[in-house]
Every structure is written in C-alpha cells, then in structure tokens.
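Quick notes on the structure that follows.
Chain letters run A, B, ... following the sequence lines, proteins first, then strands; residues in each count from 1.
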Amino acid sequence: MIRSRLVALLRSAIASLQAEGFLPEGLGAPVEVSEPANPEHGDFACNYALMVAKAAGKNPREIATRLAQALESAPELAAVEVAGPGFLNLRLSPSLVGAAVADVLERGEDFARLPAEQPKRMNVEFVSVNPNGPITIGSGRGAAFGSTLCNVLEAAGHTVHREYYINDGVNSEQMRLFAESVRSMCLGLPFPEKGYRGDYVSEVASKITPSGDESVGWFQARSQDLMLAKQREDLAAFGVWFDTWFSEQSLHDDGKVEAAIQALHANGSADDRPHRTKLKLGKKGVIEDVEIEAQPTDEDDAEGAGKTLWLRSTKYGDDQDRVLKRKDGRYTYIASDVAYHDDKFNRPPNADKLLTILGPDHHGYIGRLTAVVAALQRGKMEAPSSSFPLPDPESRIYADAAERDACQAALAEAKEKLEVVIFQLVRFLKDGQPAPMRKRDGNIYALIDLIQEIGKAAAPEADAAEQTRIGRDVARFFYLMRSHETHLDFDLDLAAKQSDDNPVYYVQYAHARICSLLEKAREAGFEASEFDESLLADRRETALVKKIADLPFEIQRSADDYGVHRIATYAVELARAYHHFYDGCRVIQPESPDLSRARLALCRATQVALRASFGLLGISAPERM
RNA sequence: GCGACCGUAGCUCAGUGGAUAGAGCGUCUGCCUCCGGAGCAGAAGGUCGAAGGUUCGAGUCCUUUCGGUCGCGCCA
C-alpha cells in the first residue's frame, strides 16, 4: 500500500545515488517511513539520511538533499522537502491517495492479508483450563487474546492451528476432587473435605442420572464431559473455537506417555537415580551453586515400590529436576507434557513453532516446558564427538563437555520451537472495588455471566441472542484494548454502560454511520461506480486514507511481537479519522456528483477496513445501532 | 532470594530510537433548519518513578536503584 510504495520509491532513489557513486553500497540501514507528529512535516518522513550519514562519511543534510532531487519527478509525491538535521518530508499526491482507495475497493477485506516473508506453520494453544468448572472471566483474557492472535497470524500469512489441551488425566487430583464432589451430591454422600461447591457443581450433578456404577471414575468421566461441553458452548458464545480439543488422557491410553518417557530415558534426559539436582541461580541465570539433594527414603515405602523417575531438567536450564513418575508408578502432569509436546508438532503437519499462551500464574512453568522440549530435541540431534571433563559447578550437572554442548544445543533449539506467551493479570472492578473471580460461596465469576450481564444492561429490550452479541463485543474489546503484557483493569460498570464512554460503540458507530450513509446515497441515485482518483485532497481525506492503508502494516507489527491490542487501537483511530472526515467533508452533494462519488468510494473503503479489523478482533459490524 | 510484568495528565492507558509526548474517562466552553449528536471543535491538565550510560537524537535501548502487582508444588 502507501508505505510500501514510498519505501520502493526511496529504495530506487538510494540505488541511483549508489550507481553514481555518491553513496557506498551495503549500508545496511533499513529504509522506513514514519508518520510525523507534526503535520507541517508532511504525510510521511524518512530518516534514512540520518541513519547512514556516519557510515557513508557524509553530511546527512547533503544526503537528504540528493535523495530529494532523485525523488522530484515521482508522480506519487506532491512535495519532497529536506528538514531539520536531515529528515526527508514527503507529501502524497492526490492521485496516490485515490489509487489507494481504489486498491482497497478492488481487493476487499483481502487487502488486510499479506504474504509472510518467512511463513511459519504454527500450533497455538490457548485457554486450556481444567474441565472442573466453567470458563472464568480471568480466562477470558487468554481466550480473547489467543483467538485474536490466531486471526492476526493468519492474516500475516502464517498457517495456524488452534488448539485446546484438555487436562483430563484420570490421575489428576483436582479432577478427582471435583468428581467426588459431584458424586456426593448425586448419591447423597458426605461432602469431601475441600470439595468443590458452587452452583456449577450442582448443575453438573443434576444432569447426571446414576447408572448403578458408583465409582469416582465413572463420575469423573461424566462430570468432565458435561463441564467440557459447557466450556465449549461458552467459548463459542465468546467467538472462540478450536481446530483440536486434545485430550491429555488419550496420550496415556495410546501409550504415548510411556514411549516418550522411554525415549528421554534412552537419550540421558531422564533416570531413576535417587537424587535431585537444584540450581541456585544468580542474576541473568548465572549458576551460582549446584546442590545435589539425596532423595529421602520413606519408612513406609511398600515393598515392591518402584523408583522415582526424574527429568534432569537442570541440564536444560530449569532450576531443579522434575519428577516424571512417582514411586507408586503414577505419572505426574509433566510426564503427559513430554508426550504432548512431541505430538503437537503434527498439528499442523510438520509444525515449526509451538505457541503456548498462559496466564500469569503459570509463569514459573516456562523453564520446565522449555526443558521438556529441549529433552525431546536432544534425541533428534547428532551428539558432539569431543569430550573432556568439566570444571565445577558444571561437572555436577553434566557428565562431560560433550553432554553439556549437546544439551545446550538442544535448549537453543527448544527456545526456537517453543514460545510461551504470558498474558498479565486482569483486575475486575465493580463500584470502584475489586470484584473477585472466585466468590466466597464457592461460586466463580463465569465468562458467560459477564457476557450476559453486559448484554442485559446495555440492551434490556433485546432478545437473548442480541444481548449475547453485545456482551461478547464489549467484553472482547475490553480485553483486547490493552497490551497482553500489562496488567488490565476491567471496569464492569463501564462495560455495562451503553454510552460514548464505551469505546466499542465508538468504533461500531462509525460502521453503522457508513452503512446508513451508503443507503442514503443509493436513494439519492449514487450507485457504487468509478470515481475520479484525483479528487481526494482534503487533509481529512488524506488522513483517513492513510489510516485505512495502515491496516496491513499494523497486522505485520502485531504478528511480529504478538501485540494484538494494536488492532483495537487501530480500530479506534480509524473510526476517529472517519468521524473527523464526516464532520468536515459533506459526502452527498447532488450539485457536485464527481466529488460525491469519490467520497462515497472513500466511505466504502473505510467500511472495508473497519470490517477487516472487526473480523480480527472477533466483534460484529452492526449496520444499525 | 530468583523471575515476569508495571510505573507516562486527577483516573484507565496508547506511544515504530526521531522534530512541539497522545487518547478515552472526569472537569470546563462551544457546534444539529443540514448525510445518524453513540458525533465534532476547543480549554485545562506532564520533571514520562529516580540516577547514570549508549547516540547526531532516549518515554523507547543498556546498567543501577526505588516503589507496586503476581509467580516460584512428587497440584494441574
């Protein structure tokens, strides 16, 4: 679009200066344009001359002046000026502005899709909560963020597989407790200590008709299926779906856990020697001390009890070794993770990147997960040949230099293949006070309740489906407005208000306004048609077109660093640019049909850009409000 | 102790190493005979937590430091 066109112009100007020997080859500085804060500095500015001045051994203003001369004849530019210490200020010609509008109209919402420079095949896992309760408002952020990130990555040209990991291991103590709570309600048994209370538990219990099988296992299977169905339904209402719902238990049933762990055993990443290594880490992960902890032998170990199986994760940057298999033979949660992360690379086939989106409480889990993937990688890599003894403290972690090098190479590879993205805490405010996600009566604040409360408060007269739509739009937008890596205050009172305080209505209003205007134009006899591309010269028109054309650029940036809140910010800025334009430029003017047609084209292009960004954000584009 | 995140307007937060740091809310003042006023224009409000450093240029990068939130299980 506009930026890429300008960069292309600049590149050819630079090439011509290099051809005539004014600039040396291979300066390496990126050619970029930025939008100056001050409109007097043009539509776009380029700092290339400043960047390369030192390397080229020339005065930056002199370089800028020569670049300006080389650009003078470009029809896309109305003016080129050298300013300040060596900026190049560019003004767009109306024809370039008009051509951008025509381009958007021709390509439709596909204008917001771009080819990736290095397309990746990515598995994105998000939400993945235990099936022992509904999706909470806390998980809502992960759901909104994860689903939007997937949309953005796809728009940026990557292949994305959306995945939900079901923590349904039959050995899970939390699931067992949940099942026992349901069972005691169904069968009228004494309630387990620390059991799950709350309406959602009795709701599950009420849906179960006893079969005669009174085992906890039977109840666990039934209640988790019901809970999972509820989660699926709530997420669907929130506009979130998955390509794969992956069952943890299936890994055990298929023998994949056993197989994966044997592989780790074989490549030296796991063993059953009775000790645990712990690292004392200083700043920047420097190993200050290594502690080898002898494993205590329990008096009451039953004869025949097995040995603890350890993942030697300290070889892969983790601060302590982790238990894979308990003495009693039960696998730990992390054991399933080993098999799971091996399996995940099949979705999409030959995936080259796993993205795992976790809440702030799982931050301590990154080192462990990375170690798991590194241990898996090691089995697939060539072992280095050289071998010599290591000095302390490394000698207490690795057998020799060959092993150390192999482990560190595997770790580096793992860090390339697995990326854990942590989103930060959400604090919910009601009446200016923090509203707890878990209530004292054992109930939790469910995402679906939030959606419906917002919908009801905003549109009391609307039907249930419409209220859900409104609640979903508002909630998603609130979650997505802020960077995922900063703490978020979610003002429940503000979300429930249907007023201009609420930014989601601001952006949707712009869309509804356009729809209404286009309808009016049709009545006045203006059909979608060709327009004169040179007529959009008002500063508000230029500003609006620039903003429309920025969407692919924002998608690119968001896909690069996962900062998808930019899309929400973008939508607000686009809506603002439209409202400014609308206020200052009357669109339908029967006495000026050519101008009217050009402005209608601009309105339609704005509509396309709004719809594309709403699609990424997972919110609706209402034609009336 | 270690780690992640945060510290920018009264509040909630944006901000690509660039020129005079922005928006929303809140406070004040205006704008519908006219395409949807859920809008627009304007005013007021700032030592970007602090100190060093890198650079032609730092809210942004590096080091240190002070505050705040959260996390560091043979739970999942």
Side-chain angles (χ1 to χ4, degrees), chain A residues 32-38 40-41 45 47 50-51 53-54 60 83-87 89 128-130 132 167 169 171-175 177 248 276 279-283 285 288 295 308-310 319-320 322-328 330-334 336-337 359-367 422-425 427 429 432 481-491 494 498-503 505-506 508-510 512-521 523-524 553 557 565-566 568-569 572-573 575-576 578-580 582-584 586-589 596 599-600 603 624-625:
Chain A
E32 288 169 341
V33 291
S34 62
E35 247 182 297
N38 185 342
E40 285 173 21
H41 297 149
N47 62 356
L50 286 161
M51 303 278 286
K54 187 170 277 182
F87 292 106
N89 292 339
S128 297
V129 299
N130 292 334
N132 60 2
N167 297 290
N171 286 331
S172 158
E173 291 180 21
Q174 290 176 19
M175 287 310 300
L177 192 57
E248 175 192 350
R276 160 182 244 165
L279 307 184
K280 188 163 165 50
L281 298 176
K283 296 278 177 197
E288 286 181 346
Q295 191 176 358
T308 303
L309 183 68
W310 296 92
D319 62 346
Q320 56 177 300
R322 307 288 168 174
V323 175
L324 285 168
K325 197 182 194 179
R326 304 173 178 102
K327 279 184 183 172
D328 61 12
R330 285 152 60 225
Y331 285 111
T332 61
Y333 182 74
I334 199 173
S336 339
D337 260 335
D361 47 335
H362 286 72
H363 157 258
Y365 200 57
I366 298 176
I422 302 284
F423 62 87
Q424 294 299 319
L425 208 76
R427 194 171 55 144
L429 298 174
M481 273 191 306
R482 308 299 182 211
S483 161
H484 65 280
E485 52 189 28
T486 97
H487 300 209
L488 167 68
D489 271 2
F490 194 123
D491 187 332
L494 178 58
Q498 184 171 27
S499 71
D500 53 340
D501 303 358
N502 198 325
Y505 299 126
Y506 181 84
Q508 290 182 324
Y509 178 70
R513 210 177 203 187
I514 291 170
C515 293
S516 160
L517 178 63
L518 293 178
E519 179 57 35
K520 199 131 243 166
E523 287 167 12
F553 175 70
R557 290 209 297 150
H565 66 288
R566 287 202 197 88
T569 305
V572 171
E573 289 171 356
R576 178 170 300 120
Y578 182 75
H579 289 310
H580 286 187
Y582 181 91
D583 187 64
R586 189 171 175 84
V587 177
I588 302 172
Q589 301 184 58
S596 297
R599 286 182 172 170
L600 282 166
C603 289
R624 271 181 294 279
M625 297 175 63

Between [atom2] on [N] and [atom1] on [X], what's the gap in Å once rounded to a whole number?
X: A:Tyr582; N: B:C35; atom1: OH; atom2: C1'; result: 4 Å
X: A:His362; N: B:A4; atom1: NE2; atom2: P; result: 18 Å
X: A:Phe490; N: B:C25; atom1: CZ; atom2: C1'; result: 16 Å
X: A:Ile366; N: B:G71; atom1: CD1; atom2: P; result: 15 Å
X: A:Asn47; N: B:A58; atom1: CG; atom2: P; result: 15 Å
X: A:Tyr505; N: B:G37; atom1: OH; atom2: C1'; result: 18 Å
X: A:His487; N: B:G68; atom1: NE2; atom2: C1'; result: 9 Å
X: A:Ile588; N: B:C35; atom1: CD1; atom2: C1'; result: 5 Å

[X] side chain, from C-beta outward: closest of [options]:
X: A:Asn89; options: B:A76, B:G15, B:A19; result: B:A19
X: A:Pro360; options: B:C74, B:C70, B:A76; result: B:C70
X: A:Glu40; options: B:C74, B:G18, B:U20; result: B:U20
X: A:Ser516; options: B:C74, B:G18, B:G36; result: B:G36
X: A:Gln424; options: B:A4, B:C56, B:A76; result: B:A4
X: A:Met625; options: B:A76, B:G36, B:G18; result: B:G36
X: A:Phe87; options: B:C74, B:G18, B:U12; result: B:G18
X: A:Gln320; options: B:C35, B:C74, B:G36; result: B:C74

Categorize [X] for me: base, sugar-phosphate, or nothing, with a 4.0 angstrom heavy-atom threshold over every strand shown.
X: A:Ile422; answer: nothing
X: A:Glu519; answer: nothing
X: A:Ala53; answer: nothing

Would the distance check show the side chain of A:Arg599 and the main-chain N or O of A:Arg586 forming a donor-acceptor pair, the cut-off being under 3.5 Å? yes
Donor-acceptor contact present, side-chain A:Ser596 to main-chain A:Val587, <3.5 Å: yes
May A:Tyr509 be described as stacking on the base of B:G36, applying a 5.5 Å centroid limit and a 30° limit on plane angle? no
Do we count A:His363 as stacking onto B:G3 if the rule is ring centres under 5.5 Å and planes under 30°? no
Under the side-chain contact (heavy atoms from CB on, under 4.5 Å) criterion, do A:Thr332 and A:Arg326 qualify, and how do the steps go? CA-CA 7 Å; A:Thr332 61; A:Arg326 304 173 178 102; 4.1 Å; yes
Side-chain N or O of [X] versus OP1/OP2 of [N]: is the shortest distance under 4.0 Å?
X: A:Thr486; N: B:G7; value: no
X: A:Lys54; N: B:C56; value: yes
X: A:His580; N: B:A41; value: yes
X: A:His579; N: B:A41; value: no
X: A:Arg576; N: B:G39; value: no
X: A:Arg482; N: B:C6; value: no
X: A:Lys520; N: B:G36; value: yes
X: A:Arg326; N: B:C75; value: yes

If you measure from the [atom1] atom in [N] to the same atom in [M], how many Å do you get, rounded?
N: B:C62; M: B:G17; atom1: P; value: 12 Å
N: B:C25; M: B:U20; atom1: C1'; value: 25 Å
N: B:G59; M: B:U47; atom1: P; value: 14 Å
N: B:G39; M: B:G24; atom1: C1'; value: 15 Å
N: B:G18; M: B:A76; atom1: P; value: 47 Å
N: B:U8; M: B:G73; atom1: C1'; value: 39 Å
N: B:A41; M: B:A23; atom1: C1'; value: 16 Å
N: B:G7; M: B:C48; atom1: C1'; value: 9 Å

Cation over ring face, A:Arg513 and A:Tyr582, 6.0 Å, 45°: yes
Would you tabulate the pairs of protein nitrogen or oxygen atoms and nucleotide nitrogen or oxygen atoms of nucleotides 63-67 of chain B closer than 3.5 angstrom?
from, atom 1, to, atom 2, distance (Å)
B:U63, OP1, A:Lys284, NZ, 3.4

For the side chain of [X] and the base of [N], is some donor closer than 3.5 Å to an acceptor across the two?
X: A:Asn38; N: B:U20; result: yes
X: A:Asp361; N: B:A4; result: no
X: A:Glu485; N: B:C5; result: no

Electrostatic pair A:Arg566-A:Glu573, nearest N-O below 4.0 angstrom: no
Atom CD of A:Glu40 with >12 non-hydrogen neighbours under 6.0 angstrom: no
Hey, which sits more toward the 5' end of RNA chain B by its nearest nucleotide, A:Tyr333 or A:Leu429? A:Leu429
For A:Thr308 and for A:Asp583, find the nucleotide of RNA chain B with the closest heavy atom, then tell me which residue's nucleotide is more 5'. A:Asp583
Closest non-hydrogen atom pair between A:Ala575 and A:Tyr506, with its separation: CB-CE2, 3.7 Å
Quick one: closest heavy-atom pair of A:Met481 and A:Thr569, and the distance? O-OG1, 4.3 Å
Once Watson-Crick and G-U wobble pairs under 3.5 Å are found, how is RNA chain B written in dot-bracket notation, 5' to 3', with | for any base paired to another strand? (((((((..((((....[...)))).(((((.......))))).....(((((..]....))))))))))))....
Side chain to side chain contact (heavy atoms under 4.5 Å, CB included) with A:His362: which residues, sequence neighbours excluded? A:Leu358, A:Tyr365
Between [atom1] on residue [X] and [atom2] on residue [Y], distance to nearest 0.5 Å:
X: A:Ile422; Y: A:His484; atom1: CD1; atom2: NE2; result: 9.5 Å
X: A:Leu50; Y: A:Phe87; atom1: CG; atom2: CZ; result: 5.5 Å
X: A:Ser172; Y: A:Arg330; atom1: OG; atom2: CZ; result: 10.0 Å

Quick one: do the A:Gln320 and A:Arg276 side chains pair a donor with an acceptor below 3.5 Å? yes
Which label fits B:C40, syn or anti, where anti is any glycosidic angle not within 90° of 0? anti
